[in-house]
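Hydrogens, waters and symmetry mates play no part in the numbers below; they use all other heavy atoms, side chains included.
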Amino acid sequence: MILYNVTVILDENIHQEWLNWMQNQHIPEVMNTGYFVSNHMLKVLDSPNEGITYCIQYMAENMQQYQQYKEKHASRLQAAYPEKFANKFVSFRTIMEFVDQA
């Protein structure tokens with residue numbers, strides 16, 4: 001399994017609107033691509049950063065599934081962030097492979 005993690009650090013003044021948009025629009029759009037088998041959203045409670053930090057995690061069966069998502073959909077979906085969020089968040093992405101599964 002491959003875990004695609006997107007960490008987002010938000011200005012507090014857009015927090016609730018961004019959260020609603022992510023849960024009701026963006027995450028469903030990513031999942032509707034068919035390349036991920038599950039997802040989780042986590043709020044970081046002890047972040048050293050200013051603002052509010054979330055991690056959105058998507059699980060893919062293998063690296064090929066993730067690569068196909070990246071090639072066919074990632075740019076379009078990342079570009080779909082509403083203009084009202086511009087310059088009010090930073091994000092970074094990491095790809096991880098499960099070594100041990102319980």
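Linking Ile, Leu, Val, Met, Phe, Trp and Tyr residues whenever their side-chain heavy atoms come within less than 4.5 Å leaves Ile52 and Ile9 in two separate clusters. Clustering ILVMFWY residues whenever any of their side-chain heavy atoms sit less than 4.5 angstrom apart, transitively, puts Leu42 in a cluster other than the one holding Leu19. No continuous path of hydrophobic side-chain contacts links Met59 to Ile27 [ILVMFWY only; heavy atoms under 4.5 Å]. Taking hydrophobic clusters as Ile, Leu, Val, Met, Phe, Trp and Tyr residues chained together by side-chain heavy-atom distances below 4.5 Å, Met63 shares a cluster with Val6.
Between Val44 and Asp46, the closest side-chain pair of non-hydrogen atoms falls below 4.5 Å. Between Thr7 and Thr53, the closest side-chain pair of non-hydrogen atoms falls below 4.5 Å. A heavy-atom distance below 4.5 Å is not found between the side chains of Thr33 and Lys72.
The CG atom of Leu3 sits 11.0 Å away from the CD atom of Glu97 when rounded to the nearest 0.5 Å. Atom CZ of Arg93 is separated from atom CD of Gln78 by 3.5 Å, given to the nearest 0.5 angstrom. To the nearest 0.5 angstrom, Met1 atom CE is 9.5 Å from Asn62 atom CG. To the nearest 0.5 angstrom, Gln23 atom CD is 5.5 Å from Met41 atom CE. Separation of atoms CD (Gln67) and CD1 (Ile95) is listed at 8.0 Å; rounding is to 0.5 Å. The line from CD1 of Ile14 to CH2 of Trp21 is 10.0 Å long, rounded to the nearest 0.5 Å.
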Requested in this report: Start with the C-alpha distance between Glu61 and Val37, add both sets of side-chain angles, then the distance that settles side chain to side chain contact (heavy atoms under 4.5 Å, CB included), and finish with yes or no.
Outcome: CA-CA 7 Å; Glu61 289 285 337; Val37 296; 3.4 Å; yes
Requested in this report: Would you check, one step at a time, whether the test side chain to side chain contact (heavy atoms under 4.5 Å, CB included) holds for Tyr35 with His73?
Outcome: CA-CA 10 Å; Tyr35 292 103; His73 300 283; 3.5 Å; yes
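For the pair Met31 and Phe36, the tightest heavy-atom approach, listed with the atom from each and the gap, is CE-O, 3.5 Å. Scanning all heavy atoms of the two residues, the minimum distance from Met96 to Thr94 falls at CE-OG1, 3.4 Å. Gly51 and Glu12 get closest at one heavy-atom pair: CA-CG, 4.3 Å.
Tyr69 and Tyr58 have their aromatic ring centers separated by at least 6.0 angstrom.
Within the 3.5 Å criterion, the main-chain N or O of Asn13 finds no donor-acceptor partner in the side chain of Asp11.
Ring planes of Tyr54 and Trp18: tilted class, angle from 30 to 60°. Taking the six-membered ring where tryptophan is involved, the planes of Tyr81 and Phe89 are essentially parallel, since the angle between them stays under 30° and well short of 60°.
Counting non-hydrogen atoms of neighbouring residues, nucleotides and ligands closer than 6.0 angstrom, the CG atom of Asn87 reaches no more than 12 such neighbours.
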